[in-house]
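Worksheet: one structure, shown below.
Proteins come first, then strands; the chains are lettered A, B, ... in the order of their sequence lines, and each starts at number 1.
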Number of protein chains: 2
Amino acid sequence: MKFSKKSEYGLRALLELCETYGGRVLQRHEIAERQNIPVEFLEQILLALKRAGLLASRRGIRGGYSLIKSPEEITLGQVIRILDGPLAPISCVSKTAYQKCADCPYAAKPSCPLQQAMGEVRDAIANILDHYTLSRFAHTQLAEGS
Amino acid sequence: MKFSKKSEYGLRALLELCETYGGRVLQRHEIAERQNIPVEFLEQILLALKRAGLLASRRGIRGGYSLIKSPEEITLGQVIRILDGPLAPISCVSKTAYQKCADCPYAAKPSCPLQQAMGEVRDAIANILDHYTLSRFAHTQLAEGS
DNA sequence: CAGTTGTCTAGTGAGTTGCTCAAGATTTAG
DNA sequence: CTAAATCTTGAGCAACTCACTAGACAACTG
């Protein structure tokens with residue numbers, strides 16, 4: 001029940017790209033250094049985000065990456081799904097990647113306890129992450145003291 | 001962001017054990033056949049649940065496993081933590097297995113965006129699973145039609 | 001004691017994760 | 001035009017995890 005490093009790095013990279021949104025481009029090594037991410041691995045992540053339409057890139061000596069969608073329009077759920085796949089804890093409750101369980105004896109029956117419980121979990125996770133925008137993410141201030 | 005087969009099998013096995021709670025013991029092959037689980041793998045799961053104090057077992061020709069805690073007292077959260085480890089999506093927000101992130105540049109700072117967001121997710125998951133009892137789980141009837 | 005069951009430890013093949021490397025394409029500076 | 005800096009692509013790889021298997025052993029029953 002963990003998120004991968006890929007998602008974590010991806011979100012941290014987007015934090016940097018949010019800061020220069022609308023302004024200059026950022027090069028992979030800039031992001032990598034500031035966020036302490038292995039540069040070649042980061043690149044794969046940036047390319048995936050580019051293919052998904054969140055980032056633009058330019059090659060050559062003045063090249064780099066930049067955000068092309070507003071941080072208001074991007075949610076953490078989108079980013080995690082791009083980098084980590086579906087949010088659902090088991091695939092028989094995924095809305096974006098549903099798959100019938102092969103071996104579950106309840107698959108044929110009208111009600112599956114696992115599906116019920118995991119469905120609730122899926123909805124709770126999606127409900128948070130699909131409403132959590134990058135701009136809110138980037139402006140986080142912890143409310144609690146100590 | 002997936003649960004393992006171990007948790008899934010464990011929960012399905014507990015479904016069977018709930019039915020005979022207070023009555024007779026169940027042998028591994030009975031559970032395995034009914035729930036379509038490889039019997040040797042199931043055994044490891046049952047042993048883990050036994051070590052955690054949920055199950056009792058008896059060896060010998062009349063042996064088998066039985067639930068020793070009431071299905072009302074056992075939550076899905078407990079079971080999943082036994083079989084799959086902590087619920088938290090990243091370890092810096094785990095309450096049962098906290099670990100400081102080594103490479104995160106926000107680890108030292110007062111606020112970490114990732115920690116904030118993932119903390120919400122953790123709480124939502126825990127909130128559902130730690131209040132979902134086995135007895136409710138075993139008596140699931142899907143409410144929705146179609 | 002013999003047979004049936006659970007207990008324990010170790011191993012294993014396939015797949016995933018996290019990361020590295022090398023060769024190529026594109027852009028800009030000079 | 002050339003060279004340097006950047007992104008692009010794809011392959012490779014060590015370590016780990018997952019799902020499962022095997023086998024020796026302990027305990028219980030009749």
Side-chain angles (χ1 to χ4, degrees), chain A residues 1-13 17 24-33 35-52 54-68 80 82-86 89-91 101-104, chain B residues 1-13 17 24-33 35-68 80 83-86 89-91 101-104:
Chain A
M1 205 52 199
K2 279 236 173 109
F3 286 117
S4 67
K5 283 281 174 190
K6 219 167 167 180
S7 282
E8 187 197 320
Y9 289 162
L11 290 171
R12 299 225 313 261
L17 287 159
R24 68 188 191 90
V25 301
L26 281 180
Q27 296 178 350
R28 10 171 246 180
H29 75 265
E30 293 184 270
I31 301 174
E33 278 162 26
Q35 288 288 338
N36 212 10
I37 302 171
V39 64
E40 300 88 349
F41 190 36
L42 173 63
E43 188 163 274
Q44 296 178 10
I45 295 166
L46 294 173
L47 285 172
L49 294 174
K50 184 199 166 177
R51 271 181 236 115
L54 304 190
L55 263 44
S57 61
R58 227 176 48 194
R59 304 198 218 195
I61 195 159
R62 283 280 174 106
Y65 295 88
S66 57
L67 206 56
I68 52 171
I80 291 170
I82 291 165
L83 298 173
D84 250 14
I90 52 178
S91 44
C101 335
D103 58 351
C104 177
Chain B
M1 205 51 198
K2 281 239 172 104
F3 287 116
S4 67
K5 282 282 175 189
K6 220 166 167 179
S7 282
E8 187 197 320
Y9 289 162
L11 290 170
R12 299 224 313 260
L17 287 160
R24 68 189 190 88
V25 302
L26 281 181
Q27 295 179 347
R28 10 172 243 180
H29 74 264
E30 293 184 271
I31 302 174
E33 277 163 27
Q35 288 288 339
N36 212 10
I37 301 171
V39 64
E40 300 89 350
F41 190 35
L42 174 62
E43 186 165 276
Q44 296 178 10
I45 295 167
L46 294 173
L47 286 173
L49 294 174
K50 184 199 167 180
R51 270 180 238 116
L54 304 189
L55 263 43
S57 61
R58 227 177 46 197
R59 305 198 218 195
I61 195 159
R62 284 280 175 106
Y65 295 88
S66 58
L67 205 57
I68 51 171
I80 291 171
L83 298 174
D84 248 15
I90 53 178
S91 43
C101 335
D103 59 352
C104 176

Establish whether the base of D:dT21 is bridged to the side chain of B:Q44 by a donor-acceptor pair shorter than 3.5 Å.
yes
NA contact type, A:K50, heavy-atom cut-off 4.0 Å: base, sugar-phosphate, or nothing?
sugar-phosphate
Could you pull out all residues at least two apart from A:A56 that satisfy side-chain contact (heavy atoms from CB on, under 4.5 Å)?
A:S66, A:I68
Whole angstrom is fine here: how far is it from CD1 in B:I37 over to C1' in D:dC20?
13 Å
Evaluate the side-chain contact (heavy atoms from CB on, under 4.5 Å) criterion for residues B:R12 and A:D103: first the C-alpha distance (whole Å), next the side-chain angles of each, then the deciding distance (0.1 Å), finally the verdict.
CA-CA 11 Å; B:R12 299 224 313 260; A:D103 58 351; 4.2 Å; yes
Measuring from the side chain of A:R62 (C-beta onward, heavy atoms only), which nucleotide among D:dT29, C:dA29, D:dA19 has the closest atom?
C:dA29
Rounded to the Å, how far apart are B:R58 CZ and C:dT4 C1'?
13 Å
What's the CG-C1' distance between B:L83 and D:dA19, to the nearest Å?
14 Å
On DNA chain C, nearest-nucleotide positions of B:H29 versus A:G60: which is more 5'?
B:H29
Euclidean distance, A:Y65 OH relative to A:Q27 CD, rounded to 0.5 Å
10.5 Å
Expressed as a whole number of angstroms, how long is the span from B:F41:CZ to C:dG11:P?
18 Å
Given C:dT28, D:dT6, D:dA26, identify the nucleotide with an atom nearest to the side chain of A:Q27.
D:dT6
Between C:dG6, D:dT8, C:dT28, which nucleotide gets closest to the side-chain atoms of A:S57?
D:dT8
Whole angstrom is fine here: how far is it from CD1 in B:I61 over to C1' in C:dG6?
13 Å
To the nearest Å, give me how far apart NZ (A:K2) and P (C:dG18) are.
10 Å
Under a 3.5 Å distance rule, please check whether A:N36 uses its side chain to pair with a backbone N or O of B:C104 as donor and acceptor.
no
It should be established whether A:Y9 places a side-chain nitrogen or oxygen under 4.0 Å from OP1 or OP2 of nucleotide C:dG18.
no
A:R59 side chain, from C-beta outward: closest of D:dT8, C:dG18, C:dC8
D:dT8
Please pick, from C:dG24, C:dA29, D:dC20, the nucleotide with the shortest atom-to-atom distance to any side-chain atom of B:P38.
D:dC20
Which part of the nucleic acid, if any, lies within contact of B:F3, taking any heavy atom under 4.0 Å across all strands shown: a base, the sugar-phosphate backbone alone, or nothing?
nothing
So does A:Y65 get a side-chain nitrogen or oxygen closer than 4.0 Å to the phosphate oxygens (OP1/OP2) of D:dT6?
no
If I take atom CG from residue B:L42 and atom CD from residue B:Q35, how far apart are they, to the nearest 0.5 angstrom?
9.5 Å
Nearest-angstrom distance from the residue atom NZ of A:K5 to P of D:dT17
13 Å
Rounding to an integer number of Å, can you tell me how far A:E40 CD sits from D:dG10 C1'?
14 Å
